[in-house]
Peer 1: 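Have a look at this one before I ask anything.
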Amino acid sequence: MRRGPCGSSEIRTETPQGLMDVKRRTLATGSALRLTAPAVAAGFAAALTLASPALSETLESALAKAYGGNPQLNASRALTRVRDEDVAIAVSGYRPTAAVNVQAGVTQQGGNLAGTNIDQLLKPASAGLVVNQTLFNGFQTDNNTRRAESGVYGQRETLRFTEMSVLFSAVQAYMNVLSDTATLELRRNNVEVLEEQLRQTRDRFNVGEVTRTDVAQAEARLAGARADVSAAESALRTSIGIYRQNVGVEPRQLAPGRPLDRYVPANLDQAISVGLREHPQVLSAFHAVDAAEAQVKVFEGTLYPTLSVQGQVQQAYDQQIANTSGYAASILGRLTIPLYQGGQEYAQIRQAKETVGQRRIEAEQVRDQVRAQIVDFWGRLEAAKARVIASQAQVQANEVALNGVREEARVGQRTTLDVLNAQQELLNARVNLITAQRDRVIFSYGVVQAIGRLTVRFTAVPVAAYSPKTHFDQVKDLWFGIRTPDGR
């Protein structure tokens, strides 16, 4: 943590080989053992708002890396492309089918026919072209296409939800690295302060000003502080690992993160209204209802007549007599009227209708879940804002209290334990401020995610947005071809 102008500070993280190397600065100044606390107390708050160095990794650039390379997000994009082909499969029902039939062989014929001995070697062969075109199938192709399109739209919303989840996880990982770095530095500084405290206490014990109990209390507090440093280092390493998992690279020179307040609605009612209207899970649930309704129509179509036409051309050789040939051409219309097929179609229709009811109930359930999530994150954001203000006041009050306790301890009105307790309370207040500032940023992104707008479209992520419509347009009308549009 580097002290900045006006008592501010800036958190820097440098992580060669994946390990956070945090520069330490002692807070002890002279024999008076004074913490340069005002700068560190406001440190994380200032670190979230100061301009970042030119070579620093910003929160936006980290989100761009996560958006472009996160495996979960890329897998969801691939699944979206898979669903695009469902429409091409359904649309194929409108098109004709064509097949070439070729057969060839050898036949030996022998015998007596009307007093004539027959002994001939035939080489029968034939080649033909058969073309089938469905003219009417109870609107099954129409409804299959509509069902496939609803599936595509639903998967696009699922992709958008995955995008929001990945970006939010990256925000959490980024801010956790920052806050854990600041916490670790505070813990290390606290150890340095307590080491100086212990040295002074031992000096005073040697001249008879304090007792062995005071020395033991200082030693115990120092041992606890060293244990806290070890725990903070472990937490930071964990945060670095999670950052690597979500962003795809090691965290290096992380710049301050800022709340996403410009996209947070003005009030809770407006947030709920936006969320119920735009959240991808809500929209995906309603697309699932549409797909289920289309499936009912597909099954109902099996009760309708089917009308098709078939054209056939065939050339044959040596079918009955050697060295002969012939051809045939035909066009046939076929009408099939189903009467009764065991009741399977009726059961499928009833089953599909029940599925529609299930999907509608699930859609309402999703709406309730989204509403609850918005309320939850809204409350957390408001609480984080209040905690920032309260924590800042707590830090300031504890600084005054610590200075007073130290002065009183010099004249014998306070014990060493009183000084140690005051220092611990100040340290806890600073850690609470760091946590509150981290939550302030994370929960602002959380509210934007809860209303369905934490995407590159609404955030300042410097990356080209992925468009699922591009692949859909490339494949929906393809009549043939086995190579995907990306060249595979």
Peer 1: Mind checking what makes ring pair (Phe, Tyr, Trp, His ring centres under 6.0 Å) contact with F139, not counting sequence neighbours?
Peer 2: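 Ring pair (Phe, Tyr, Trp, His ring centres under 6.0 Å) list for F139, sorted by chain: F136.
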
Peer 1: If you define the side chain from C-beta out and look only at heavy atoms, does anything of R81 sit under 4.5 Å from P468?
Peer 2: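 Side chain of R81 against side chain of P468, heavy atoms only: no contact under 4.5 Å found.
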
Peer 1: Which residues pass the salt bridge (Lys or Arg N to Asp or Glu O under 4.0 Å) test with R202, sequence neighbours left out?
Peer 2: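 For R202 the salt bridge (Lys or Arg N to Asp or Glu O under 4.0 Å) partners, ignoring immediate neighbours, are E219.
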
Peer 1: In residues 450-457, what donor-acceptor pairs under 3.5 Å come from side-chain atoms, sequence neighbours left out?
Peer 2:
residue	atom	partner	partner atom	Å
R453	NE	E278	OE1	2.9
R453	NH2	E278	OE2	2.9
T455	OG1	R457	N	3.4

Peer 1: Tell me, which pairs form a ring-ring contact (aromatic ring centres under 6.0 Å, His included) where one or both residues lie in residues 261-285, sequence neighbours left out?
Peer 2: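 Residue pairs passing ring-ring contact (aromatic ring centres under 6.0 Å, His included), neighbours aside: F161-H279.
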
Peer 1: Using the ring pair (Phe, Tyr, Trp, His ring centres under 6.0 Å) criterion, which residues pair with H287? Sequence neighbours excluded.
Peer 2: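 Listed in chain order: Y153.
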
Peer 1: R350: what forms a salt bridge (Lys or Arg N to Asp or Glu O under 4.0 Å) with it, not counting sequence neighbours?
Peer 2: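 Scan of R350 (salt bridge (Lys or Arg N to Asp or Glu O under 4.0 Å), adjacent residues dropped) gives none.
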
Peer 1: Would you say L420 and Q423 make side-chain contact, with heavy atoms under 4.5 Å?
Peer 2: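 They are in side-chain contact.
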
Peer 1: List the residues meeting ring pair (Phe, Tyr, Trp, His ring centres under 6.0 Å) with F472, not counting sequence neighbours, and say none if there are none.
Peer 2: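 Applying ring pair (Phe, Tyr, Trp, His ring centres under 6.0 Å) to F472 gives none.
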
Peer 1: Taking the side chain as C-beta and beyond, is there a heavy-atom pair between Q197 and Q217 under 4.5 Å?
Peer 2: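 Not in contact.
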
Peer 1: Is there any side-chain hydrogen bond (donor to acceptor under 3.5 Å, both in side chains) pair reaching into residues 266-276, and which pairs are they, with sequence neighbours excluded?
Peer 2: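 Pairs touching residues 266-276 that pass the test: S273-R277.
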
Peer 1: Restricting to ring pair (Phe, Tyr, Trp, His ring centres under 6.0 Å), what partner residues turn up for F377, sequence neighbours left out?
Peer 2: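 Ring pair (Phe, Tyr, Trp, His ring centres under 6.0 Å) check on F377 returns F168.
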
Peer 1: Establish, yes or no, whether the cationic atom of R77 lies under 6.0 Å from the six-membered ring centre of Y67 and within 45° of the ring axis.
Peer 2: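 Positive - R77 is close enough to the ring of Y67 and near enough to its axis.
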
Peer 1: I need the full list of ring-ring contact (aromatic ring centres under 6.0 Å, His included) pairs touching residues 218-251, with sequence neighbours left out, sorted by first then second residue.
Peer 2: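 For residues 218-251: none.
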
Peer 1: Please identify each residue that fulfils salt bridge (Lys or Arg N to Asp or Glu O under 4.0 Å) with R367, with sequence neighbours left out.
Peer 2: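 Testing R367 for salt bridge (Lys or Arg N to Asp or Glu O under 4.0 Å), a comparison that skips the adjacent residues, returns E364.
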
Peer 1: Who are the side chain to side chain donor-acceptor pair (under 3.5 Å) partners of E233, not counting sequence neighbours?
Peer 2: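 Residues passing side chain to side chain donor-acceptor pair (under 3.5 Å) with E233: R188.
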
